[in-house]
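Notes follow once the structure below has been shown.
Not measured: the values here are computed from a predicted model. Remember, it's 1-based here, ligands and their atoms both numbered in the order they're listed.
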Amino acid sequence: MRFDTRLIHEAQSPDPLTGAVNPPVYLSSTFRQSAPNRAKGFVYGRTGNPTRAVLEAVLAGIESGRAGLAFSSGLGALTTLLEAFGSKSRIVAMDDLYGGSWRLLDHHRRQFGLRTEFLDLGEASVATKALSEPADLVYVESPTNPLLKLVDLRALARRAHDAGALLAVDNTFATPAHQRPIELGADIVLHSTTKYLGGHSDVIGGALVLKNRALGRRYAWLQNAVGAVPSPFDCYLTLRGIRTLGVRMRAHEAAARAVARELEGHRKVLKVHYPGLSSHPQHALARRQMSGFGGIVSVEVRGGLGGAKRFLRGLRVFTLAESLGGVESLVDHPASMTHASVPREQREAHGVTDGLLRLSCGIEDPADLVEDVRSALGRI
Ligand SMILES: *Cc1c(COP(=O)(O)O)cnc(C)c1O
């Protein structure tokens, strides 16, 4: 079956008992045992739940992994990912990451003594040098949040494995509709399902997808031990979102392309970041490892913070809010919102300036989004 069909049918056959085409929401925290330690596959709701099990099977399937695990948030998934690493572990992470992921990795470094380095792994020479020494985990986003830098995942997987490390990829921005890191050699895929997989800005969730069963068993153990699990209803909402991922990503991408083209070359714009533009420094890599370019566009407007504020005041369709990936268009000011936890010098050193705005293009009519951006630029 092809990807769009699998989004709807993978691991989701009608309920054998009633024929219900949607998986039932099993609101039960515990399950009867016929004798001590003898149960029908489910024991206690933290350890497993039938609605969650459907979501987890779907997640594994659409990311081409052998095991999927659902969490109460993207950062709950990252916390659990990091639980497998101890005080002497060496972690090599991308320098441009979601602010909360950076904060959690930095917290683990200071609190538990993990040896974590933040580097521009998009540069082949930087990755080669960093992974000439043994490492335990390589952690990247591609495209990154908010600068939409790319990492050559196939090449990085090889370097990580040579160094003895696992490669984990946060695939929140691209989604499996546009990029499947495990097929490129990654060992672990992380998602904030809050974003495109949920797709409607109504549920917080996270996921890990593991390449093989051994990693699946290790992380299922940690998922139960840590306990950052989603409710059955949240699993249902996420499943409902995933079924329309294919059509939504096509619409998000069409809108993002139109908005990026409008921004590019405008006299109030200093820089546009979108992997789908031929001006993106890694456009060739994007074409090679992605089947679409996603729905996020970042733009640096003239006039720094003042320019950014005037632009924001001029928008009518885009809503100023954190988060991304929902059907409605959102705009974020990373320096003061999503990435405020990253120290200013560090932020600015890699391009998250006060004039930078991150646009999550929704699935409204692209012409309305283009008009909105055009009239807001006129306010600067
Ligand atoms: C939002 C986000 C996260 C964190 O996920 P939550 O669901 O908010 O905990 C991690 N990575 C990326 C790329 C994100 O955009």
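- Under 3.5 Å, the side chains of Ser336 and His333 contain a donor-acceptor pair of N or O atoms.
- Residue Leu75 places at least one N or O, backbone or side chain, under 3.5 Å from an N or O of ligand 1.
- With hydrogens left out, the protein atom closest to atom 4 (C) of ligand 1 is Tyr98 CE2, 3.4 Å, a heavy atom.
- The list of ring pair (Phe, Tyr, Trp, His ring centres under 6.0 Å) pairs with a residue in residues 201-258, not counting sequence neighbours, reads Tyr196-His252, Phe233-Tyr236.
- Heavy atoms of Gly206 stay at 4.0 angstrom or farther from ligand 1.
- The shortest contact between atom 14 (C) of ligand 1 and any protein heavy atom is with Lys195 NZ, 2.9 Å.
- Between the side chains of Ser279 and Glu264, at least one donor-acceptor pair of N or O atoms lies under 3.5 Å.
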Quiz item: Going through the checks in order, is the side-chain hydrogen bond (donor to acceptor under 3.5 Å, both in side chains) test met by Thr244 and Arg248?
Solution: CA-CA 6 Å; Thr244 56; Arg248 282 189 289 107; 3.0 Å; yes
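- Neither the backbone nor the side chain of Ser323 comes within 4.0 Å of ligand 1, counting heavy atoms alone.
- Ligand 1 has no nitrogen or oxygen under 3.5 angstrom from a nitrogen or oxygen of Gly76.
- By the criterion of a heavy-atom distance under 4.0 Å, the side chain of Asn145, and not its backbone, is placed next to ligand 1.
- Proximity of the aromatic rings of Phe85 and His108 is defined here by a centroid distance below 6.0 angstrom, and this criterion is not met.
- Looking at atom 11 (N) of ligand 1, its nearest protein heavy atom turns out to be Asp170 OD2, 2.6 Å.
- Within the structure, salt bridge (charged side-chain N to carboxylate O under 4.0 Å, His left out) contacts touching residues 295-318 (residues at least two apart or in different chains) do not occur.
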